[in-house]
S.K.: 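My questions will all concern the structure given below.
Residue indices begin at 1 and follow the sequence shown.
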Amino acid sequence: MRRKIVTVMVVTAIFAVGLFALPLAILVAKYLIDDERAELTHEADLTALRATADLARGHPPAALRIAESDISLTFYDRTGLRVFGGGPMTADSGVQLALSGARVTDGDPGGDFTVDVPVSDDGAVAGAVRATSFRAAAWMRILTAWLVMVALAGATLGAVWFVARRQAGRLAAPLERLSAVAAGIGQGGLDSSPTSGVPEIDDVAVSLFESAHRVERTLARERAFSADASHQLRTPLAGLRLQLETALEGPDADLRPAITTAIDATDRLEQTIRDLLALSRDIPAGDRELPLPTLLDELRRYHDGTFDAAGRRLTIVADPELPAAAASVPAIRQVLGVLLDNALRHGHGTVTVATRETAQALAVDIADEGRINTPDQLFVRRSPTATGHGIGLALARSLTEAEGGKLLLSHREPTTFTLLLPLVPAREPISAGQER
């Protein structure tokens, strides 16, 4: 990229300099040639005036020399013979025309610049003056001017090359750093977005990092979904397996109850998967008013068989007169499922679920007859990639907090977890004046 930028800028500069310099060179050459002819004409006219003055006084024209000049002067009498100077001995065609009264420029160049001017005496042509300069000297001045122009063009191209390299580096270096960072993103690194001072490149860098963070959050959510699904599906699968194994122990018995129970367990599996998918995709709940008695009754049906098989008892005490809680059904269903599974797996004795009203929330207590010895790490996920064990309570707390509630260990013995859910705001009554 650097080489391409430098090449394009230098080639463009060469084209621009050539487009400008060629006409300028022609104009310079024409100007210097015209200036040389103007100087010849001036010196020839001046010499002719002096010769006229000498003839008027009755003196022959005196030879003249121009100091520090390459111009030579020649005087011819009226017969065309050279009186003084370095011109031809006899008048050539240009001098002949001057003797006839005409002014001639380059009448007979012979490789040099010439100007022939008539000299008059009392109105009659008494001679002619020729001013001559070498064409080579004029071209030396032209070549000198051209060399100066070439030097200036070279300096211009050098400056363009230098600026092009600086600009190419300024443009390419941020892109190279951005490319390296993009390669690092592909390997899992998300460093800070590099700034280059070029707004367009910085916009690309910001967009790249925002996209990378979105992808990272999506991947993290997918990994969390896999771990959460592994944890949440373990208990329903265990119950389904238990029912099927029980049915296999008595092949001659009626299989209808076992099949019915297995279908119920399958329904629970399907419901759990739907809830986890909805929560992982942040699908908003259509109704924020939580039907808690209905949800607790549903959990009772799901868990009664599992508790009975473990020789444990599940008791649910729900007051139907309690105010409604503002939470989504999928999230609270999973939270309560985690707490019941945790009580069944790690607790002892009867598990009691009771609801009560607090000052600003609806409380659900899940208690068993066990004891918690290490409460500090209960709600900490064991590792970012933990699956199965060690994520249930962390999942329950995160889902609760996402719903605006709290989940805490209220008693270590007997083990009691308390779920606090926000209440549905009371609607202001509509006054009679507001009715239409």
S.K.: Any side-chain heavy atom of Arg130 sitting closer than 4.5 Å to one from Asp92?
M.R.: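 Sidechains of Asp92 and Arg130: in contact.
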S.K.: Counting only N and O atoms by type, is there a donor-acceptor contact under 3.5 Å from the side chain of His303 to the main-chain atoms of Leu299?
M.R.: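 Yes: the side chain of His303 pairs with the backbone of Leu299.
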S.K.: Please enumerate all residues that pass side-chain hydrogen bond (donor to acceptor under 3.5 Å, both in side chains) together with Arg165, with sequence neighbours excluded.
M.R.: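 For Arg165 there are no side-chain hydrogen bond (donor to acceptor under 3.5 Å, both in side chains) partners, ignoring immediate neighbours.
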S.K.: Would you list the pairs meeting salt bridge (Lys or Arg N to Asp or Glu O under 4.0 Å) in which at least one residue belongs to residues 145-163, sequence neighbours left out?
M.R.: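 For residues 145-163: none.
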S.K.: Can you list the residues that meet the salt bridge (charged side-chain N to carboxylate O under 4.0 Å, His left out) rule with Asp297, with sequence neighbours excluded?
M.R.: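 With sequence neighbours excluded, Asp297 shows a salt bridge (charged side-chain N to carboxylate O under 4.0 Å, His left out) to Arg300, Arg301, given in chain and number order.
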S.K.: Looking at Thr41 and Arg103, what are the two nearest heavy atoms and their distance?
M.R.: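 Heavy atoms only, the tightest pair is CG2-NH1, 3.7 Å.
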S.K.: How would you list, by chain and number, every residue that makes a side-chain hydrogen bond (donor to acceptor under 3.5 Å, both in side chains) with Thr418, sequence neighbours excluded?
M.R.: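 Only Asp365, Ser410 meet the side-chain hydrogen bond (donor to acceptor under 3.5 Å, both in side chains) criterion with Thr418.
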S.K.: Distance from Arg333 atom CZ to Glu298 atom CD, nearest 0.5 Å?
M.R.: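 These two atoms lie 4.5 Å from each other.
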S.K.: For the atom pair OG1 (Thr105) and CG (Asp116), what is the distance rounded to the nearest 0.5 Å?
M.R.: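 The OG1 atom of Thr105 sits 8.0 Å away from the CG atom of Asp116.
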S.K.: Enumerate, atom names and distances included, each donor-acceptor pair closer than 3.5 Å involving a side-chain atom of residues 77-87, sequence neighbours excluded.
M.R.:
| from | atom 1 | to | atom 2 | distance (Å) |
| --- | --- | --- | --- | --- |
| Asp77 | OD1 | Thr79 | N | 3.1 |
| Asp77 | OD1 | Thr79 | OG1 | 2.7 |
| Asp77 | OD1 | Gly80 | N | 3.1 |
| Asp77 | OD1 | Leu81 | N | 2.9 |
| Asp77 | OD2 | Thr79 | OG1 | 3.2 |
| Arg82 | NH1 | Gly87 | O | 2.5 |

S.K.: Could you work out, with side chain to side chain contact (heavy atoms under 4.5 Å, CB included) as the rule, every residue matching Ala396, not counting sequence neighbours?
M.R.: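 Residues passing side chain to side chain contact (heavy atoms under 4.5 Å, CB included) with Ala396: Val335, Val338, Leu407.
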S.K.: Output all residues satisfying side-chain hydrogen bond (donor to acceptor under 3.5 Å, both in side chains) with Asn342, sequence neighbours left out; order by chain, then residue number.
M.R.: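 Residues passing side-chain hydrogen bond (donor to acceptor under 3.5 Å, both in side chains) with Asn342: none at all.
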S.K.: Please walk me through it: do Arg356 and Thr358 pass side-chain contact (heavy atoms from CB on, under 4.5 Å)?
M.R.: CA-CA 7 Å; Arg356 56 188 172 86; Thr358 64; 3.5 Å; yes
S.K.: Using the side-chain contact (heavy atoms from CB on, under 4.5 Å) definition, which of the options Val11, Thr12, Val17, Leu19 pairs with Phe15?
M.R.: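 Single side-chain contact (heavy atoms from CB on, under 4.5 Å) partner of Phe15 among Val11, Thr12, Val17, Leu19: Leu19.
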S.K.: If the condition is side chain to side chain contact (heavy atoms under 4.5 Å, CB included), which residues does Ala318 pass it with, not counting sequence neighbours?
M.R.: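 For Ala318 the side chain to side chain contact (heavy atoms under 4.5 Å, CB included) partners, ignoring immediate neighbours, are Leu296, Thr355.
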S.K.: Looking at residues at least two apart in the chain, or sitting in another chain, which of them share a side chain to side chain contact (heavy atoms under 4.5 Å, CB included) with Ala324?
M.R.: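 Side chain to side chain contact (heavy atoms under 4.5 Å, CB included) list for Ala324, sorted by chain: Glu289, Val424.
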S.K.: Mind checking the CZ-OG1 spacing from Phe113 to Thr132? Nearest 0.5 Å is all I need.
M.R.: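 The OG1 atom of Thr132 is 11.5 Å from CZ of Phe113, to the nearest 0.5 Å.
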S.K.: Keeping the roles fixed (side chain from Tyr76, backbone from Gln96), state whether a donor-acceptor pair exists under 3.5 Å.
M.R.: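 A pair under 3.5 Å: no.
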S.K.: Which heavy-atom pair separates Pro323 from Leu362 by the least distance, and what is that distance?
M.R.: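 So the two residues come closest at O-CD2, 3.8 Å.
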S.K.: Would you please name every residue forming a side-chain hydrogen bond (donor to acceptor under 3.5 Å, both in side chains) with Asp35, sequence neighbours left out?
M.R.: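 Result, side-chain hydrogen bond (donor to acceptor under 3.5 Å, both in side chains) vs Asp35: none returned.
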S.K.: Give a yes or no answer on whether the side chain of Glu403 reaches the backbone of Ala331 with a donor-acceptor pair at less than 3.5 Å.
M.R.: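 No: the side chain of Glu403 does not pair with the backbone of Ala331.
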S.K.: What's the spacing between Leu339 CG and Phe417 CZ if we round to 0.5 Å?
M.R.: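 Taking CG in Leu339 and CZ in Phe417, the distance rounds to 6.5 Å.
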S.K.: Sequence neighbours left out, what passes salt bridge (charged side-chain N to carboxylate O under 4.0 Å, His left out) with Lys30? Give chain and number order.
M.R.: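 Checked Lys30 against salt bridge (charged side-chain N to carboxylate O under 4.0 Å, His left out); matches are Asp34.
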S.K.: Anything under 3.5 Å between a donor and an acceptor, one on a side chain of residues 139-158, the other on a protein residue two or more places apart or in another chain? List them.
M.R.:
| from | atom 1 | to | atom 2 | distance (Å) |
| --- | --- | --- | --- | --- |
| Arg141 | NH2 | Glu36 | OE1 | 2.2 |
| Thr144 | OG1 | Met140 | O | 2.8 |
| Trp146 | NE1 | Ala25 | O | 3.0 |
| Thr156 | OG1 | Leu152 | O | 2.8 |

